[in-house]
Amino acid sequence: MQAYLARQFHAALAALDAPDDFDASAVAIEFETPGNPEHGDLATNVALQLARPLRRAPRQIAEALVEHLALDPKRVAGVEIAGPGFINIRFAPTYLADGIAEILSTGEAYGRTEAGAGKTALVEYVSANPTGPLTVGHGRNAVLGDTIANLLDWTGYAVTREYYFNDAGRQMRILGESVRARVEALAQPDAPTKTLDDGTVVPESFPDDGYRGDYIVEIAQAILDEHGPGILAVEGAEPFKEAAEKAIFADIERTLERLGIRMDAFFNEHSLYASNAVWDVVEHLREKNLAYDKDGAVWFATGQLGKTRTDSEGERAVDTVLVKSSGEPTYRLPDIAYHLDKLGRGFDKVVDVFGADHIATYPDVVLGVEALGGDASKIDVLIYQFVTLVRGGQPVKMSTRKATYVTLDELMDEVTEDVTRFFFLMRSPNTHLEFDLDLAKEASDKNPVFYLQYAHARICSIIRKAEDVGLTLGNEADLSLLTNESELGLMKELLRLPSEIALAAETMGPHKLATYLREVATAFNQFYRDSPIIGADHEALGRARLHLAKAAQLVLRNGLTVLGISAPEQM
RNA sequence: GCGCCUGUAGCUCAGCUGGAUAGAGCAGCGGUCUUCUAAACCGCAGGUCGCAGGUUCGAGUCCUGCCGGGCGCGCCA
C-alpha cells in the first residue's frame with residue numbers, strides 16, 4: 001500500500017509547477033499511521049516537507065498534489081487535507097477485505113518481505129567462551145541475536161548464525177587448572193586445602209583466580225569416574241581443560257536449545273592463527289605503514305586514522321597495541337582478522353551483538369577492517385545494556401568470579417523459556433533491562449507474554465467450537481460483511497505485520513514487534529467482545545468473522561514465531 | 001577528566017528516525033461473566049517528557065550547557 005501510494009504521489013509531484021532545480025523524483029515520500037483514527041489510516045507530511053524547497057504554503061502544495069492524484073477507489077476511499085498540510089488517506093473496505101484474504105492464502109509465510117532477497121547475512125551472537133554455564137547476562141545477547149537473525153530471515157536474507165569463541169587464552173588455562181585441582185582433591189580427600197578471600201575452601205593447588213562454581217567439581221568428578229586417578233600422572237592441565245571445554249559446551253548448547261536457539265557455525269578463534277590470518281593483518285598493516293614496533297610491542301597507527309583521546313592534557317591522537325611485548329596478540333588483532341574473514345566470506349551484512357562493556361572495542365575493529373580494504377559499512381553492531389534481576393523489589397547481586405551469578409537455566413526453570421525470551425525482547429536493547437522475577441513468574445494478567453498467548457489460544461478455541469456447530473473455514477467467506485468498528489480496526493492492525501517486521505529488522509529493534517503484537521491482541525479482544533462468531537446474526541456473517549479470527553491467529557502465531565515464543569493452542 | 005547509553009504517569013516502559021490533543025501495561029478507583037477462554041473488556045484518575053537555552057512553520061525526538069543513573073576509557077577480553 002505504501003509503495004503504491006508513494007508511486008502515485010511521485011506521479012502527482014511530477015505534474016506540479018516547480019522551480020527548475022527541484023527534483024521531484026528525489027523526494028522521499030513517507031507514510032505513517034496516525035495515532036488519532038480521525039486522521040485516517042495513513043498520513044503523509046510531504047506537503048510540509050516541500051514547503052521550503054517549493055517556496056509555497058504547505059496547504060497549497062497539498063491541494064495541488066491531491067488534485068493531481070489518481071488513486072484506485074478499490075484501495076483508497078478518501079483523501080483529505082488536514083491541519084497544517086497533512087494529507088490523510090483512508091483505506092477502502094475492499095482493500096481491507098482483500099488484505100485479509102491475502103493473509104489467509106499466505107498463511108505461515110505472511111509477514112515475510114523481500115528487502116533482503118538474494119542477500120546473505122551473518123549474525124554473530126552468544127560468543128561466550130566455554131568457561132562456565134551461560135548466565136542471565138548472556139541470555140539477553142543470545143535472545144536478541146537470535147531474534148535479529150529471525151527478523152533478517154523474514155525480510156528475505158539467507159542468514160547464518162555464528163558463535164565465536166576462544167579456547168586458548170588465559171581464562172581457559174585457569175579453567176583447566178581449576179578442574180585439575182578439583183580432581184586432585186577428589187582423588188585425595190585428605191589433601192591440604194586453603195581458604196580464599198570470600199571464605200571458599202579449595203584445594204591448595206587451586207588458582208587464586210580460579211573458577212569456583214560447583215560445575216567445576218561436577219566436571220572433575222566426571223573425569224575421575226571416567227579415567228580414574230591415573231589421569232593425574234599427566235603433566236599440566238591440558239586434558240582437564242579439554243574435558244571441561246567439552247562438558248561446558250555441551251551444557252551451553254543444551255541451554256541454547258531450550259531457548260530455541262541453534263547455531264549454524266562455531267568459529268574458533270584458533271583457526272585465525274592456524275590460517276595465519278592474524279599475522280597477515282599485521283603484515284598488511286605494515287605494508288601500508290599503519291603498523292610499527294615500539295617498546296617491544298607492535299602498534300596499530302590508529303592515531304593516523306583519526307583515533308583520539310581527551311584527558312587532562314587535552315586531545316591527542318592515540319595508537320593501539322596489536323601485539324604485546326610478550327608476543328601475544330591483544331584481543332583487537334584476532335577481532336580484526338575475524339571481521340575480515342566474515343566479510344571475505346561474501347556476506348552482504350554482518351551483525352555483531354555486543355554488551356555495553358564492549359562498545360569501546362568496536363571502533364578499533366572498524367579502523368582495522370577499513371585500513372585493509374574491507375567494507376565496514378556492511379557491519380552492524382547491536383549494543384545492548386545490562387540486565388538487572390529484581391526479586392522482591394530488590395536487585396539480585398551477581399558476580400561471575402565468586403560464582404554468585406544466576407544461570408540462564410535457573411532463570412528458565414523459574415519463569416519458563418517463553419517468559420525468558422519475551423522479557424529479554426520486550427524492551428529496547430539500549431535501555432537497561434529490569435527483569436522482575438516476581439512479575440515474570442506470575443501467570444496472570446500482569447505478565448505481558450501471556451496476554452499474547454492467551455489471545456492466540458482463545459482464537460484456537462473459537463475455531464474448534466465453531467467446527468462443532470458446522471461453521472468451518474473455507475474460501476467462500478464474504479469478507480465485505482465485516483463493517484463494524486472493531487472488525488475494521490482489527491483488519492487494519494493485521495495488515496501491518498509485514499511492515500512491522502521489516503521495521504524491527506531494519507532498526508534491529510525486536511521490541512517493536514513485541515509492542516505491535518500487543519496491539520494486535522488488544523484489537524482482537526475488542527473484536528471478540530463486539531463480534532460473536534457462533535452467535536452471529538446470520539451464518540454468512542459468522543463465517544466472515546471466523547475467517548478474520550483465523551487471520552488474527554496467523555498474525556499472532558507468525559509474530560510469536562519470529563520472536564521465538566510458542567503460540568499455545570490452549571491455556 | 002573524557003567517550004558511549006540513559007532520564008517520559010506512583011512503578012516498568014513505548015513513542016514509527018522532526019509532525020496533529022504525549023501512549024501502553026502494572027499499581028489505584030469504579031463497572032462488565034445464564035451466551036465463542038474474565039489470563040478478557042469498558043470507564044475514571046494520574047504528565048513542568050531531568051533543568052536551561054538554541055535551531056524552525058512545528059521539538060519528547062536535533063544542537064549546546066548543566067544535573068542525576070549505567071557502562072567503558074590497559075601491552076585484560
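Letters A, B, ... are given to chains in the order of the sequence lines, protein chains preceding strands, and every chain is numbered from 1. This is a predicted model, so every value here is computed, not measured.
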Inset, instruction - Would you please determine if the base of A20(B) is stacked by Phe86(A), with stacking meaning a centroid separation under 5.5 angstrom and planes under 30 degrees? - result: yes
Inset, instruction - Measure the shortest side-chain to side-chain distance between Val555(A) and Tyr516(A) over non-hydrogen atoms and say whether it is less than 4.5 angstrom. - result: yes
Legend entry - Minimum-distance nucleotide to Arg518(A) side chain [options: A39(B), G25(B), U37(B)]: G25(B)
Inset, instruction - Sugar-phosphate means primed atoms, P, OP1 and OP2; the rest is base. With that split, encode nucleotides 5-14 of chain B 5' to 3' as B, S or - using protein heavy atoms under 4.0 Å. - result: SS-----BSS
Legend entry - Nearest-angstrom distance, C1' atom, U8(B) to C13(B): 9 Å
Legend entry - Nucleotide nearest Trp299(A) (side chain, heavy atoms from C-beta), chosen from C16(B), A38(B), C75(B): C75(B)
Legend entry - Syn/anti state of U8(B) by chi, 90° boundary around 0: anti
Inset, instruction - Just call it for Ala360(A): base, sugar-phosphate, or nothing, with non-hydrogen atoms closer than 4.0 Å on any strand. - result: sugar-phosphate
Inset, instruction - Give a yes-or-no answer on whether the side chains of Asp352(A) and Tyr362(A) include a donor-acceptor pair shorter than 3.5 Å. - result: no
Inset, instruction - Establish, from distance only, whether the side-chain atoms of Thr522(A) and Tyr451(A) form a donor-acceptor pair under 3.5 Å. - result: yes
Inset, instruction - Quote, to the nearest angstrom, the C1' distance that separates C66(B) from A9(B). - result: 26 Å
Legend entry - Length of the CG-C1' vector between Leu48(A) and A20(B), whole Å: 10 Å
Legend entry - Check: Thr361(A)/Asp335(A) side-chain N/O donor and acceptor closer than 3.5 Å: no
Inset, instruction - Rounded to whole angstrom, note down the P distance from G43(B) over to A52(B). - result: 34 Å
Legend entry - Whole-Å P distance, C49(B) and C4(B): 26 Å
Legend entry - Intra- and interstrand pairs of RNA chain B - dot-bracket, Watson-Crick/G-U under 3.5 Å, | marks other strand: (((((((..((((.....[...)))).(((((.......))))).....(((((..]....))))))))))))....
Inset, instruction - Enumerate the residue pairs fulfilling salt bridge (charged side-chain N to carboxylate O under 4.0 Å, His left out) with a member in residues 537-555 of chain A, sequence neighbours excluded, ordered by first and then second residue. - result: Glu476(A)-Arg543(A), Glu487(A)-Arg545(A), Glu539(A)-Arg543(A)
Legend entry - Residues in contact with RNA chain B, drawn from residues 494-503 of chain A - heavy-atom cutoff 4.0 Å: Leu503(A)
Legend entry - Over all atoms of both residues, closest heavy-atom pair of Ile252(A) and Gly132(A): CD1-O, 3.9 Å
Inset, instruction - Please tell me which of the listed nucleotides, C41(B), A20(B), A77(B), lies nearest to the side chain of Asn525(A)? - result: C41(B)
Inset, instruction - Answer with base, sugar-phosphate or nothing: what part of the nucleic acid does Ser531(A) contact at a heavy-atom distance below 4.0 Å? - result: base
Inset, instruction - Just call it for Asp530(A): base, sugar-phosphate, or nothing, with non-hydrogen atoms closer than 4.0 Å on any strand. - result: nothing
Legend entry - Selection residues 487-515 of chain A - residue pairs positive for ring pair (Phe, Tyr, Trp, His ring centres under 6.0 Å), sequence neighbours left out: none
Inset, instruction - Please report, rounded to the nearest Å, how far the P atom of C76(B) is from the CG atom of Asp335(A). - result: 15 Å
Legend entry - Residues forming a side chain to side chain contact (heavy atoms under 4.5 Å, CB included) with Ala540(A), sequence neighbours excluded: Leu481(A), His538(A)
Legend entry - G65(B) and C26(B), which share atom name C1', separated by this distance in whole Å: 37 Å
Legend entry - Separation of the C1' atoms in U55(B) and G46(B), to the nearest angstrom: 33 Å
Inset, instruction - Provide, to the nearest angstrom, the distance between the OH atom belonging to Tyr451(A) and the C1' atom belonging to C26(B). - result: 13 Å
Identify each donor-acceptor pair in which a side-chain atom of residues 491-502 of chain A lies under 3.5 Å from a protein atom, sequence neighbours left out, and give them as a table.
| residue | atom | partner | partner atom | Å |
| --- | --- | --- | --- | --- |
| Lys492(A) | NZ | Asp41(A) | OD1 | 2.8 |
| Glu493(A) | OE2 | Arg496(A) | NH1 | 2.3 |
| Arg496(A) | NE | Glu500(A) | OE2 | 3.4 |
| Arg496(A) | NH2 | Glu500(A) | OE2 | 2.7 |
| Ser499(A) | OG | Arg496(A) | O | 3.1 |

Inset, instruction - Could you tell me the separation between the CD1 atom of Ile463(A) and the P atom of U37(B), rounded to a whole number of Å? - result: 12 Å
Inset, instruction - Describe the nucleic acid contact of Ala466(A) in one word from base, sugar-phosphate, nothing, applying a heavy-atom distance below 4.0 Å. - result: nothing
Inset, instruction - Report yes or no: does Gln453(A) contribute a side-chain atom to a donor-acceptor pair with the main-chain N or O of Ser566(A) at less than 3.5 Å? - result: yes
Inset, instruction - Report which part of the nucleic acid Tyr528(A) touches: base, sugar-phosphate, or nothing (heavy-atom distance under 4.0 Å, all strands). - result: base
Inset, instruction - Quote, to the nearest angstrom, the P distance that separates C44(B) from G1(B). - result: 49 Å
Inset, instruction - Rounded off to whole Å, could you give me the CD-to-P distance for the Gln49(A) and C57(B) pair? - result: 12 Å
Inset, instruction - Look at all strands and tell whether Asp295(A) reaches a base, only sugar-phosphate, or nothing, counting heavy atoms closer than 4.0 Å. - result: base
Inset, instruction - Not counting sequence neighbours, which residues clear side chain to side chain contact (heavy atoms under 4.5 Å, CB included) with Ala6(A)? List them please. - result: Phe31(A)
Legend entry - Distance, rounded to the nearest Å, where Phe422(A) contributes CZ and C26(B) contributes C1': 14 Å
Inset, instruction - Return the residues of residues 321-328 of chain A meeting this criterion: a heavy atom under 4.0 Å from some atom of RNA chain B. Order them by number, or give none. - result: Val321(A), Lys324(A), Ser325(A)
Inset, instruction - Return yes if some donor-acceptor pair links the side-chain N/O of Asp341(A) with the main-chain N/O of Ala337(A) below 3.5 Å, else return no. - result: no
Inset, instruction - Using the P atom on both, measure C42(B) against U48(B) and round to a whole Å. - result: 27 Å
Legend entry - Shortest non-hydrogen contact between Leu272(A) and Pro334(A), atoms and distance: CD1-O, 3.5 Å
Inset, instruction - Could you classify C11(B) for me, syn or anti, using a glycosidic angle within 90° of 0 as syn? - result: anti
All N/O donor-acceptor pairs, side-chain side in residues 382-391 of chain A, below 3.5 Å, sequence neighbours left out:
| residue | atom | partner | partner atom | Å |
| --- | --- | --- | --- | --- |
| Tyr384(A) | OH | Asn141(A) | ND2 | 3.3 |
| Arg391(A) | NH1 | Glu414(A) | OE2 | 2.7 |

Inset, instruction - Inspect the contact between Arg90(A) and Glu80(A) and indicate whether a charged nitrogen and a carboxylate oxygen are less than 4.0 angstrom apart. - result: yes
Legend entry - Ile61(A) CD1 - C57(B) P separation (whole Å): 13 Å
Every protein N/O lying under 3.5 Å from an N/O of nucleotides 42-45 of chain B:
| residue | atom | partner | partner atom | Å |
| --- | --- | --- | --- | --- |
| C42(B) | OP1 | Gln526(A) | NE2 | 2.7 |

Inset, instruction - Please work out if Ala455(A) contacts a base, only the sugar-phosphate, or nothing of the nucleic acid, heavy-atom cut-off 4.0 Å. - result: nothing
Legend entry - Cationic N near anionic O, under 4.0 Å, Arg286(A) to Glu283(A): yes
Inset, instruction - Determine whether Val366(A) and Val381(A) make a side-chain contact, defined as any pair of heavy atoms from C-beta on separated by less than 4.5 Å. - result: no
Inset, instruction - Have a look at Phe165(A) and tell me which of Phe249(A), Phe267(A), Tyr125(A) forms a ring-ring contact (aromatic ring centres under 6.0 Å, His included) with it. - result: Phe249(A)
Inset, instruction - Rounded to the nearest angstrom, tell me the gap between atom OH in Tyr516(A) and atom C1' in G23(B). - result: 18 Å
Polar atom pairs (N or O), protein with nucleotides 54-56 of chain B, under 3.5 Å:
| residue | atom | partner | partner atom | Å |
| --- | --- | --- | --- | --- |
| U56(B) | O3' | Arg52(A) | NH2 | 3.1 |

